[in-house]
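First comes the structure, then the notes that go with it.
Naming: A, B, ... by sequence-line order, numbering from 1 per chain.
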Protein chains: 2
Amino acid sequence: MSPRKSAAEARATRGRIIDRGIAIASVEGLEGLTIGRLATDLGMSKAGVLGHFGTKETLQLAVLEGASAVFVRAVWHPAEDAAPGLPRLRALCEAWIGYLEHERAVFPGGCLFTTASVEFDARGGRVRDAVARLSRVWRRRLAAELRQAVAAGELPADTDPEQVTYELVGCYLALNQELQLLADPEAPARTRRALDRLLAPAAADHSR
Amino acid sequence: MSPRKSAAEARATRGRIIDRGIAIASVEGLEGLTIGRLATDLGMSKAGVLGHFGTKETLQLAVLEGASAVFVRAVWHPAEDAAPGLPRLRALCEAWIGYLEHERAVFPGGCLFTTASVEFDARGGRVRDAVARLSRVWRRRLAAELRQAVAAGELPADTDPEQVTYELVGCYLALNQELQLLADPEAPARTRRALDRLLAPAAADHSR
DNA sequence: CCTACCGATCGGTAGG
DNA sequence: CCTACCGATCGGTAGG
């Protein structure tokens, strides 16, 4: 017997559903993502789409997980080769700008985490919990890298990692808004200027 | 004949619809705001609700306008008495924090403009245009006040008003996220620390 | 993976 | 402002 193709094919179909779901949810939100729309886009029946997930909530969680993988690939992986501390922080922040500016094919409506964060921030449920968890994980990553930069003497000793993390997140929320809502081409340059100040090396601290 | 009450009553009903609509849209978004939900909440029929607006889009625009009036009353009016320039900027920013932190009765799901901005940033149409316009008006207000503070020598002469406006907006987007999604009680304090740096008086520029 | 179907709800209209 | 209704679409199920 040749190996059954159905299991691998099912996995491939599931991947196609998730990729399309990410694109739709980026524009319409995770609630605006409907099973009927997915089925039409993919040339499938609604039951065929839903069969892979069972419920819409499970589909939403799978789409969120898929988007997380995209974020890791686009922002985290390119920075992994940089030295820990400030060099890696700068690499992460530059990749983060590129992710918001250029991943239009994957996220035509902008960063799905920003969309989902605002969409679910006043609700309960597993999707909201997953969004909050991903947000906390990313903030902890940034704070850990900031602590390492402080310990290495690359950032001023009185730097508050949580404070800088908060300001970094704010910069990227503003960048997403200027790119998506206001279509302002100067937004990436403004983000880089803000980063230059937030991540100014310790040696330059008293000179500005 | 006594003056007809119906016109005044109709206006009062319209106001009740908008107030309830703001609260619902703050949680569910302007698309998630449905005429049926509004009718149920207000003990009216769907046709009775829709009759005041004609279409859902007009209802959404009216709710947005109502939210704008709330924002002006909560953030702009309290700062009007402050002196132009840096004092008014600081008053605006402090009222802005209070607006996000305490207006839970009006906006149980957080700032409606943040919600609507993300919800419509990948769409076309009149609602998206209105959201973008309100966002631009507020940014211009902040930039004008910043220019005045620079001209008065209250902020360093090399301050870029658009740059600081961008960073201010980012701070408040991050504050909204930390309050709504992460329920972090330290968020207002972090915002104030960021403001102290962004709006540091010119005289203190070389001392930090 | 499909067809065929379910009750609920959507925005909106007719007519009063 | 109401009742009564429209076609479309929602998430989900039965049965294959």
Could you tell me how far apart A/Met44 (CE) and C/dT3 (C1') are, to the nearest whole angstrom?
14 Å
Expressed as a whole number of angstroms, how long is the span from B/Leu38:CG to D/dC1:C1'?
16 Å
Ring pair (Phe, Tyr, Trp, His ring centres under 6.0 Å): which pairs involve residues 168-187 of chain B, sequence neighbours left out?
B/Trp96-B/Tyr172
Return yes if some donor-acceptor pair links the side-chain N/O of [X] with the main-chain N/O of [Y] below 3.5 Å, else return no.
X        : Y        : answer
A/Glu167 : B/Cys171 : no
B/Tyr99  : B/Val72  : no
B/Arg37  : B/Gly32  : no
B/Ser68  : B/Leu64  : no

Expected output check: what is the dot-bracket annotation of DNA chain C, where ( ) and [ ] are pairs inside the strand (brackets for crossing ones), | is paired with another strand, and pairs are Watson-Crick or G-U under 3.5 Å?
||||||||||||||||
Check the side chains of B/Glu154 and B/Gln148 for a donor-acceptor pair under 3.5 angstrom, ignoring hydrogens and angles.
no
Would you say CD of A/Glu65 has more than 12 non-hydrogen atoms from neighbouring residues, nucleotides or ligands within 6.0 angstrom?
no
Polar pairs (N or O, both sides) under 3.5 Å between protein and nucleotides 6-13 of chain D?
unit_1 : atom_1 : unit_2  : atom_2 : d
D/dC10 : OP1    : A/Thr34 : OG1    : 2.9
D/dG11 : OP1    : A/Lys56 : NZ     : 2.8
D/dG11 : OP2    : A/Ile35 : N      : 3.2
D/dG11 : N7     : A/Lys46 : NZ     : 3.0
D/dG11 : O6     : A/Lys46 : NZ     : 3.3
D/dG12 : OP2    : A/Lys56 : N      : 2.5

Determine whether the aromatic ring centres of B/Trp138 and B/Phe71 lie less than 6.0 Å apart.
yes
